[in-house]
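These notes are about the structure you will find just below.
Values below: every heavy atom of this structure, side chains too, minus hydrogens, waters and symmetry copies.
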Amino acid sequence: MDDPKTRDLVKELVLRLVSPVDSPSSAAEEVPRAIGFAHRLLSSRMAPSLAPDELAIAESIKRHLAASGRSSDALAFADLHTELSARSSGPGAIRNRWALLYLLKSLSDARRREPLLDSTGTAGLPAIPLDPQPSHQLPLAAKKILPPSGGVLLVSKDPENIREIALQKYADLVMDETEVSESALVRDILFVCQGINGRYVRFDKASDCYDLPESLKLPRSMRTMVRKLCELGWLFQKVRCYITESMSCFPAEEVGTVGQAFCSALQDELSDYYKLLAVLESHSSNPIPTPGSISGVPGNYLTLRRLAVWLAEPTVKMRLMAVLVDGCRGLRGGAMAGAIHGRAQHGDPLVQEFMGRLLRRVCSPLFEMVRSWVSEGELEDTFAEFFIQSQTVKAESLWQEGYQIQSAMLPSFISPALAQRILRTGKSINFLRVCCEDNGWADAAAKAAADVGTTTRRGGIVYGETHALEGLVIEAAKRIDRHLMDVIHRRYRFKDHCLAIKRYLLLGQGDFVQYLMDVVGPELSEPANTISSFQLAGLLETAIRASNSQYDDRDILDRLKVKMMDHGDGDRGWDVFSLEYDARVPLDTVFTASVMKKYLKIFNFLWKLKRVEHALIGVWKMMKPNSIISCIFTKEGVAVKTQFVSVLRRCQVLWNEMNHFVTNFQYYIMFEVLEVSWSQFSEEMNAAKDLDDLLAAHEKYLNSIVEKSLLGERSQGLIRILFVLFDLILRLRSHAERSFEHIFELQVRGRSKSRIKMMGAGPWFVGDRKAMMQLAGEFLGRMGEDLDKIAKEYSASLDDFISQLPIQQHVDLKFLLFRLDFTEYYSRLVPSK
């Protein structure tokens, strides 16, 4: 204080800060006394009993500003303290920065304790008595209550210290109601946060919570605070028990790799939680000295309220983890990932960041399965967690039944459309590898990953990059499907095989069908149990060699075989004969057993239609040459001739009616049904981008033929009537064969009458011409009656068939009605009946 500059600065400071007095005359007396008092304070050895820790006092100031809701001031103070620390050397540098910070904090605490302004005063230091009094002259209350100034002398305008006395009395009342110190409760809370019972706070199994004994004497506010803090321990115990139970069951299908990743992510979060508890335990064991400690004794920094502030964020995270644990219990795989993803849709940035970090760990095994399936076709799913499930099936059923989507395992962040693409991409790879024995898919997958800027290596796709996953799947599916279609069409000639089935099973090769009918007709007229399939196979080869089919590819012709269906005792060869086409791998994926059954059904229908047509041609061949037989009867009598011509005309009229029906119906089947359906199928086949499109196009083609050909479920009544018509036509053929055979026999007998008479034959053979004519008349009468009966049944069935065509749902059947009744002949007959 010997330095004049220092004295001048102290004097100026006192003049600025001392409170003004009432009269200017007394100011001259008060200022010298205030200056003298300041000199005594500065010359004394008074110092706080605290270790000079600059960082601790700076951190205390920042915490106070942040707790007061002045975050911007806390940041500004941190910047200013950094600049002050940077200027630690050079001229004008402040070396005792800790003391300066301590002074500023003490002044701030003093301002909070006492108002700085009175009714007439202005800003400045609190009014202080300039004449110091000895401690023994202070009031007794003032001796008891010394403000916790931490080494700074605080002087109040209230000489009786009424406010301090009231606060002390309140503190005494609180201490009287408390049997346990706050520090002991803090240590118990820290134990509870680790799932361990404390000395006072213990777990109550009946109420399933941590609580204090009711007999323990505590203020209600403190008991409420303890219960609130104990929630964290209860949540921690739930999360830890889930992790322990799950990891003890691993490896098991109930946990799986996704469950293991979930437990690992929770364990990492608990590790950070353990670190925080270690820091709080350190603060609890070694109290931090704080400004304001009474008589220089350090106060306990970690109070219940401070502990609540420290544990606020961990409680939010732990509560979220507990909710996830409850929601994921009993789930695994994609279902677990989807449940966690549902909780991530939150508006709180803290929750979003926490859930994103957790989901990146949880979904890592799931995305690895997707990557492996899309790029390699490998299903690495040991614990059945993936939303794609594989089954052991034959090669022909690999595409249809080998892999299916488990909707229960599909996470919500993968759309059903994307899941179908993922399924088809892996199926295509496996189909190429297993059925087609092709490895070109590997290059396609690598090029797809390069085009979208991702990688096919492990860990290349993580949660949150759904756009990258979708881009990889779409590009890989496009390239692999294109390669698969190229293999199916070029290497395995899918279209050529479809055309071969159309030509042979759907009877589109006309000359082949006609030759086949001619060569197998006599054989098929025999009983089915007497026919040899090897002989029919030879006849099939004969028909091939006799028609243009001989110029087809030998591989296609070798696949065409004769098949004899199951037959009963009364069945003929016509009823059990059929052709089959051997569709080998990988074509049997399209031409499955069920598909070939439909083709067999269509073949049997078309074969019966062709048989009916062939039967009508046979009837025409018999009637035309036999028309000259009438000349035999004209020599014998007019009555027989007239009767014969009448029967022959009726047979011809019935044949024309049947031929009209069969010809128009066959035209409808061969052109309106088969050719139109084939044209549409060819367009869809060429436009198919993947095997699913090809299968759908073929199924549509086959179903169209079945429905339009009256073979569907909705046309069962109509097809029964049609088969009745076919049977009536076959009856006409049988009746014509027997009748004209008998007529031919009569003709032969008439010509050889004289010769038989010379040989001395029996009375029937040597009867006179009159008896033979009488026999012919009776036969022609029976023949006419049989024709009338067939014609009547046929007319009734045809009318029934035509009347049901307009009510059919398929529009093409209306064109069939137009072709059958284009002159409205049958329409005019119906009302008359």
Output side-chain donor-acceptor pairs under 3.5 Å for residues 607-616, partner residues at least two apart or in another chain, one line each.
from: E613; atom 1: OE1; to: Q666; atom 2: NE2; distance (Å): 3.0
from: H614; atom 1: NE2; to: D518; atom 2: OD1; distance (Å): 3.1

Worked verdict on D786 versus K789 for side-chain contact (heavy atoms from CB on, under 4.5 Å): CA-CA 5 Å; D786 293 340; K789 184 177 180 181; 5.5 Å; no
For [X] and [Y], indicate whether the former's side chain and the latter's backbone hold a donor-acceptor pair under 3.5 Å.
X    : Y    : answer
S803 : D800 : yes
D821 : L817 : no
S682 : W678 : yes
S715 : G712 : no
K598 : V706 : no
T425 : R421 : yes
Y599 : L702 : no

Look up atom [atom1] in [X] and atom [atom2] in [Y], then write down how far apart they are to the nearest 0.5 Å.
X    : Y    : atom1 : atom2 : result
S734 : D727 : OG    : CG    : 10.5 Å
L505 : L560 : CG    : CG    : 6.5 Å
F665 : S709 : CZ    : OG    : 7.0 Å
D553 : D558 : CG    : CG    : 8.5 Å
L536 : K561 : CG    : NZ    : 15.5 Å
L730 : M658 : CG    : CE    : 9.5 Å

Mind listing the side-chain donor-acceptor pairs of residues 391-404 below 3.5 Å, one per line with the distance, residues two or more places apart or on another chain?
from: W399; atom 1: NE1; to: D692; atom 2: OD1; distance (Å): 2.8
from: Y403; atom 1: OH; to: N430; atom 2: OD1; distance (Å): 3.3
from: Q404; atom 1: NE2; to: Q400; atom 2: O; distance (Å): 2.9

Ring pair (Phe, Tyr, Trp, His ring centres under 6.0 Å) with F591: which residues, sequence neighbours excluded?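 In terms of ring pair (Phe, Tyr, Trp, His ring centres under 6.0 Å), with neighbours along the sequence ignored, F591 is linked to F494, H698.
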At their closest point, which heavy atom of [X] faces which heavy atom of [Y], and how far apart are they?
X    : Y    : value
R572 : S525 : NH1-O, 2.8 Å
I531 : P527 : CG1-O, 3.4 Å
D511 : N548 : OD2-N, 2.9 Å
I721 : S797 : CG2-O, 3.4 Å
D690 : M485 : C-CE, 3.5 Å
L506 : L606 : O-CD1, 3.4 Å

Taking only Lys NZ, Arg NE, NH1 and NH2, and the carboxylate oxygens of Asp or Glu, determine whether [X] and [Y] approach each other closer than 4.0 Å.
X    : Y    : value
E672 : R819 : no
K700 : E707 : no
D555 : R559 : yes

Is a donor from one side chain sitting under 3.5 angstrom from an acceptor on the other, for S549 and Y504? yes
Regarding N664 and H660, do their side chains bring together a donor and an acceptor under 3.5 Å, going by distance alone?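 Yes - a donor-acceptor pair under 3.5 Å links their side chains.
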Does atom CZ (R554) have a neighbourhood of more than 12 heavy atoms from anything else shown, all under 6.0 Å?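 Yes, the 6.0 Å shell around CZ holds more than 12 heavy atoms from other groups.
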Evaluate whether atom CD of Q716 has more than 12 neighbouring non-hydrogen atoms of other residues, nucleotides or ligands under 6.0 angstrom away. yes
Under the criterion side-chain contact (heavy atoms from CB on, under 4.5 Å), I'd like the reasoning laid out for L718 against L805: C-alpha separation, chi angles, the key distance, then a yes or no. CA-CA 8 Å; L718 199 60; L805 283 178; 3.7 Å; yes
For the pair Y581 and M596, evaluate side-chain contact (heavy atoms from CB on, under 4.5 Å) and give the outcome as yes or no after the intermediate values. CA-CA 8 Å; Y581 194 82; M596 297 312 294; 4.2 Å; yes
Measure the shortest side-chain to side-chain distance between [X] and [Y] over non-hydrogen atoms and say whether it is less than 4.5 angstrom.
X    : Y    : answer
V590 : I488 : no
I669 : F605 : yes
N659 : W620 : no
R424 : Q420 : no
Q680 : V676 : yes
D481 : L691 : no
N604 : L600 : yes
L648 : Q652 : no

The test is side-chain contact (heavy atoms from CB on, under 4.5 Å); show your working for C498 and F681 and say whether it passes. CA-CA 10 Å; C498 290; F681 174 54; 3.9 Å; yes
